J.: 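Before we start, here is the structure in question, set down as structure tokens.
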Amino acid sequence: MGETAIWLAFMFCLGLIFVAGRKLSILADRLGDETGLGGSWIGVTLLSSVTSLPELITGFSSVVMADTPDIAIGDILGSTAFNVLLLVLIHIITWRQTPLFAQMGGRHVLPAAFGIVMLGLVAGELLLRQLGLNVVFLGIGPFVPAILIVYVVGIRMVFFATARDLAEGTPGDVAAAAPPGAQSGTVLAIAGVSVFVVAGGAALPFIGAELALQMGWNQSFVGTLLIAIATSAPEIAVTMAAARMGALDLAVGNVFGSNMFNMVILALDDILYRQGPLLAHVSLVHAVTAMTTLVMTGIAIAAMSYRRASGPSIAVGSMSLVLTLLYIGNAIVMFHLGF
């Protein structure tokens, strides 16, 4: 396949995932209204799992069919970093109203903090394996059961925190539940649209491997930047739509919920990879993306936790610039270290 053809194939998959992802986000939001659940909870759980379908399929295709573990982990970590960058997009869209970070409260700090814990487990194992500590647990890395436990505990805590906020009247509107028949129709529609996401996501690892070969790029860089952006297309679509509608709880909840779910996908990729622990077969350069994302998430938590008596804060506003510079810096480092 020629260079032009491979780029066209990449752009086609990107467009397919973006369009299907936007439709999925609309359907997920409708299902949330029909079930009577709050925006923050829907964003962290339902919407995040729906918009993370490309990462799930790409990871499965990478480790089972294409045998490209660097693309698998690069996609997950790169997508996680890109998701945090989407907070900047929300900030820009809402700046003329009330700036994003001024509206976000403690309800989003919890999933963001659990995301840091899960990402720290991955970064820790990456570094320990490079130091020669090759621990294997039932053919998988020890981070796998740890991440799954943290995710279950985290989702449970987010659920109870959201329920408490709703009971106390904290923002997070809850709609009356629709009849079961309406919910079933929405679920079927989600399943139908998901087919297109699965098709685009399954092709990306093969396209990424060919793109790396054609351009002379390392698979770690291709996975972290290009494939990650492509699989984040649904997050881009839902972030833009939710921010314009003023549904910030949904948009921000989706960002941090997707990052938590991405770590679960990485654990599943490790289970499916039958050549041994996944993190033992990838480049150490992925630790750079993991550490960068940890810093970016910490900055986001600081911005959400900061409170001013009135008016916009230059310090909080500048955090969007810092997040952007960190993401660009990570891309540059990945490009140079990948060769």
Side-chain angles (χ1 to χ4, degrees), residues 5-35 39 42-62 64-66 71-72 74-76 78-80 82-83 85-86 89-90 93 182-208 210-211 222-223 225-245 247 250-255 257-262 264-265 268-269:
I6 196 66
W7 276 109
L8 288 175
F10 174 77
M11 295 304 297
F12 175 79
C13 287
L14 174 62
L16 181 65
I17 293 174
F18 182 87
V19 173
R22 187 176 186 278
K23 182 63 176 178
L24 279 175
S25 68
I26 295 172
L27 291 170
D29 187 30
R30 181 193 304 170
L31 185 61
D33 290 338
E34 291 171 353
T35 55
I42 288 297
V44 171
T45 55
L46 176 62
L47 194 55
S48 65
S49 60
V50 168
T51 57
S52 292
L53 269 177
E55 286 88 350
L56 179 64
I57 300 304
T58 299
F60 174 82
S61 182
S62 296
V64 174
M65 296 185 287
I71 286 184
D75 172 40
I76 292 296
S79 176
T80 302
F82 189 78
N83 285 347
L85 185 67
L86 289 178
L89 176 61
I90 304 174
I93 294 175
Q183 298 175 22
S184 299
T186 304
V187 170
L188 289 175
I190 289 175
V193 178
S194 297
V195 172
F196 296 97
V197 178
V198 169
L204 279 175
F206 298 96
I207 294 174
E210 183 65 24
L211 189 60
V222 172
L225 193 66
L226 298 180
I227 304 300
I229 292 176
T231 57
S232 291
E235 282 89 350
I236 300 172
V238 69
T239 295
M240 294 177 63
R244 287 171 177 168
M245 292 187 301
L250 193 68
V252 178
N254 178 55
V255 166
S258 291
N259 283 359
M260 289 180 65
F261 194 72
N262 279 349
V264 173
I265 293 174
L268 295 177
D269 289 345

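In this text, all values refer to a predicted model and were calculated from it rather than measured experimentally. All residue numbers in this chain count up from 1 along the given sequence.
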J.: Would you compute the distance between atom OG1 of T231 and atom CG of N262 and round it to the nearest 0.5 angstrom?
T.: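 If I round to the nearest 0.5 Å, the distance is 7.5 Å.
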
J.: Mind checking the OG-CD1 spacing from S79 to I227? Nearest 0.5 Å is all I need.
T.: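 Here the interatomic distance stands at 11.5 Å.
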
J.: Mind checking side-chain contact (heavy atoms from CB on, under 4.5 Å) for L14 and listing every partner two or more places apart, or none if nothing turns up?
T.: M11, A230, A233

J.: Got S62 and D75 here, is their nearest side-chain heavy-atom distance under 4.5 Å?
T.: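 No, their side chains stay 4.5 Å or more apart.
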
J.: How about L268 and L56: do any of their side-chain heavy atoms sit closer than 4.5 Å?
T.: yes

J.: Counting C-beta onward and ignoring hydrogens, is there a side-chain heavy-atom pair between L89 and M240 closer than 4.5 Å?
T.: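 Counting from C-beta outward, L89 and M240 do come under 4.5 Å.
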
J.: Quick one: does any side-chain atom of S61 pair with a main-chain N or O of I57 as donor and acceptor, under 3.5 Å?
T.: no

J.: Report yes if some heavy atom in the side chain of I265 is under 4.5 Å from a heavy atom in the side chain of F60; otherwise report no.
T.: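 I265 does not reach F60 side chain to side chain.
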
J.: Run the side-chain contact (heavy atoms from CB on, under 4.5 Å) test against V19 and tell me which residues pass, sequence neighbours left out.
T.: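 With sequence neighbours excluded, V19 shows a side-chain contact (heavy atoms from CB on, under 4.5 Å) to no residue whatsoever.
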
J.: Assess, by modelled atom type and distance only, whether the side chains of N83 and S258 contain a donor and an acceptor separated by less than 3.5 Å.
T.: no

J.: Can you tell me how far apart OG1 (T80) and CZ (F261) are? Round to the nearest 0.5 Å.
T.: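 Nearest 0.5 Å value for the OG1-CZ distance: 12.0 Å.
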
J.: Counting only heavy atoms not in F196 (residues, nucleotides, ligands), do more than 12 fall under 6.0 Å from its CZ?
T.: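 For F196, atom CZ is not crowded (no more than 12 foreign heavy atoms under 6.0 Å).
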
